[in-house]
Every structure is written in structure tokens, then in C-alpha cells.
Amino acid sequence: MDLGAIPLYDHHAHALFRESTWRQAPLEPYFGEANDPEQHRRFGRDTLAFRRGMHELARFYECAPNADAVLEARARVGYADLARRMFAQARIGHWLIDDGLWTDLLMSVAECAALIPDVPVRRIVRLEVELARMIEEHDRASSLLTAFAERLSKPTPGVAAFKSIAAYRTGLDIGRPTAADVEHAFSEIRRSIVPGRPPRLASKPLIDAMLWAVLPMAAASGTPVQFHTGFGDPDLDLRLANPLHLRPLFESEALRGLRIVCLHCYPYVREAGYLASVYPGAYVDLGLTIPYASAHAMRTALHEAMHLAPITKVLLSTDAQRTPETFWLAARWGRRVLGDALEATIRDGDLSADEAAGAASRILFDNAAELYA
Ligand SMILES: [Zn+2]
């Protein structure tokens, strides 16, 4: 199946580097989640994703298929022109940007919209980062959380969804801390705060309480909430990033109607697919697994997501950031492995050819378009 004509609704992505940063940035960090410079220096060019990336980029830049040739070729291109060409070839139809990351190095949402004027752009609010920015204005956790939920409950044009990075900070086993525990945790954060600099929030009582303040409001307003699950930034404990920890949220009567998108998922793709098969509010997205895994693993992940999950609840995204090349590569590979996975469903008798074509449109575009309408 050739899915090149179907646009991608990229509901899980980030912003691009400003040009000066892009020109100096090395290639290795674009192909994995390590942040230890030694890992990049000694092993960064040895992953299957990196090697595959060089083969593909060499075709784009018309150079030899190795990192040095790619670096040399891309140094000669104009940045804005490259970004527009790569977004057009990747057929990115919508671009939802989580702008709570590396704010000093990446373009703002408005700058991204101006750079790629054909693609509609909206924001994803990174909850823990947004909350950290408000801590200084409050003396008590109760007033902070009330003000935070109130602020998020106001309809804001340009905001498509919320996102939680609880998996990175304190784990997905979201508890029910007592008010006293939350106030105690808050006062400790306040004591160590540097004026004008929002803290890196890693307090389990505060993050869990924040989620219980925000999620009922998101359920009521119909705002989808993305959760990072499985692998991701290396500050996470992978054992606590299993999406099965989210079961109490799906079981909660108070959160009836809440739609949660499990992002990344690897290696817990089957677990996320299971959740999507039993809870109406659970969705599976494979951004980051695509493009960081081997081609075989990307194809397997798509199969695994569809083992149980309805095809109307499986999504693709790029989770791309920093360089237009990550959007281009992730979109190409996403379509390619989706085509392979759907061909297998035709061979196996799961879907007819027409149904598989419909599933491709749903997974690349329509599922997200409905979810973030
Ligand atoms: Zn992500």
C-alpha cells in the first residue's frame, strides 16, 4: 500500500530549532533518547534508526550515505526552504506543538506557524511545566491548584490538548495524596525556589494532586489529555511508565468521558492496546517508537497496537522536534510501516482491501482530527 497521498495529523510533536542552533547541532541526538554525551559520542551512530536515517537523508540531499556526507550537504541548504520542503514532502496536515520543552532553543508556536504557513498549528499544554511557572505566585498548594484548574478550564483558542509528563517525573501510579501531604510537598518546593526561575517539578504529591484537579475538568470540557508512557526522556523509571498504571483513571466515575492518549508506549504497546480495547477513553499513539526503533520493531509495534485496539483508536505522530529532518523521516517511516502492517491484515483476512485503505486514513489523520476537533 502506498499511503503517500494521505496527510498526517501530527498531534504529538514539538517545535523546530532556531536556525543558528540548528546549524551547530550534531545529528546523533535526533535518533535516540539518550542525553549522556558519552552515549552519543561513542555509540550514537550505531543504532539502526541512525543508520537508516543516514540512508534516507542521503537520498534527500543526494550525497553519500554516511553521517559526514549528510552533515556537509545539509550545511549548504537554506533552513526555511528546507523546513518547507520537508513538511510538504512529509505531508504534515496539522501540527500540534508541545511548547513546554527547551523554550530557549526552540521557536515559539507563532514562529513555527509563520515558518510553515500552509500547516495549521495549535498548542499542547505541558501540564507540569505550566504548573511550575505558577508556583511562585502562590503561598499554598490549594490556592495554586484551584487557580491552575481555573485557568485551564477557560477555553483558549489555539490549545488542542493537555499533556502530562508524570511518567518522566514521578511515575504513572497516580495516587490520592492527602491535603496535608500536598501542602507539605509544596512548602518544600517553595523553600528551595530561585526567584524568577520555575522549578523542575518532581514532587509526587503535587503532580498527583494536580492531575486530580485538572482531569475532571478535562473530562467535562472534552479536552484530550496525552500521557507519555513507555520509553522517553531518560529521567523516567521505565517500570513506572507502564500505561497499565493508569487503570484507576479509566475506572474512575468522576473521570467518565475523559479521553487519554497513551504516547510512545514502547515496550508496553500491547498493554496500551489492551487499555484501548476495554476503556472507551483510551487511545494508543506510536510516535517516538516510530522513528526510533528498527523498521521491524516499528512494524511490530503497529501490529501489536492493533492486536486488540479498535482501528479507530490507534494513532500515528512524529514526536519530531528540533530539526525538520525528524518530521520528514518519521512521517515517511510511519506511512511505510503502516502500509506493511495493513497489508498483513488483508493477507490474514482481518480486513478487506477497502477496509485497510479506510484504516490507513483513520490512523494517519481522521482519528486525530476527531479527537482534537
Ligand atoms: Zn513524546
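Worth knowing before you read on, the calculation uses all heavy atoms, side chains too, and leaves out hydrogens, waters and symmetry mates. Start at 1 and go down the list; that is how both ligands and their atoms are numbered.
Ionic pairing of Asp68 and Arg45 is present here: one or more N-O contacts between side-chain nitrogen and carboxylate oxygen are shorter than 4.0 angstrom. Under a 4.0 Å N-O distance rule, the pair Arg126/Glu130 does not qualify as a salt bridge. Salt-bridge annotation for Glu128 and Arg169: absent, with no side-chain N of the basic residue lying under 4.0 Å from a carboxylate O of the acidic one.
Contact annotation: Asp98 places no N, O or S atom under 2.8 Å from the Zn ion (ligand 1). Put simply, His264 gets within reach of the Zn ion (ligand 1), with an N, O or S atom under 2.8 Å from it.
Ring planes of Tyr9 and Tyr372: parallel class, angle under 30° (limits at 30 and 60°).
When the Zn ion (ligand 1) is compared with the N/O/S atoms of Asp319, atom OD2 turns out nearest.
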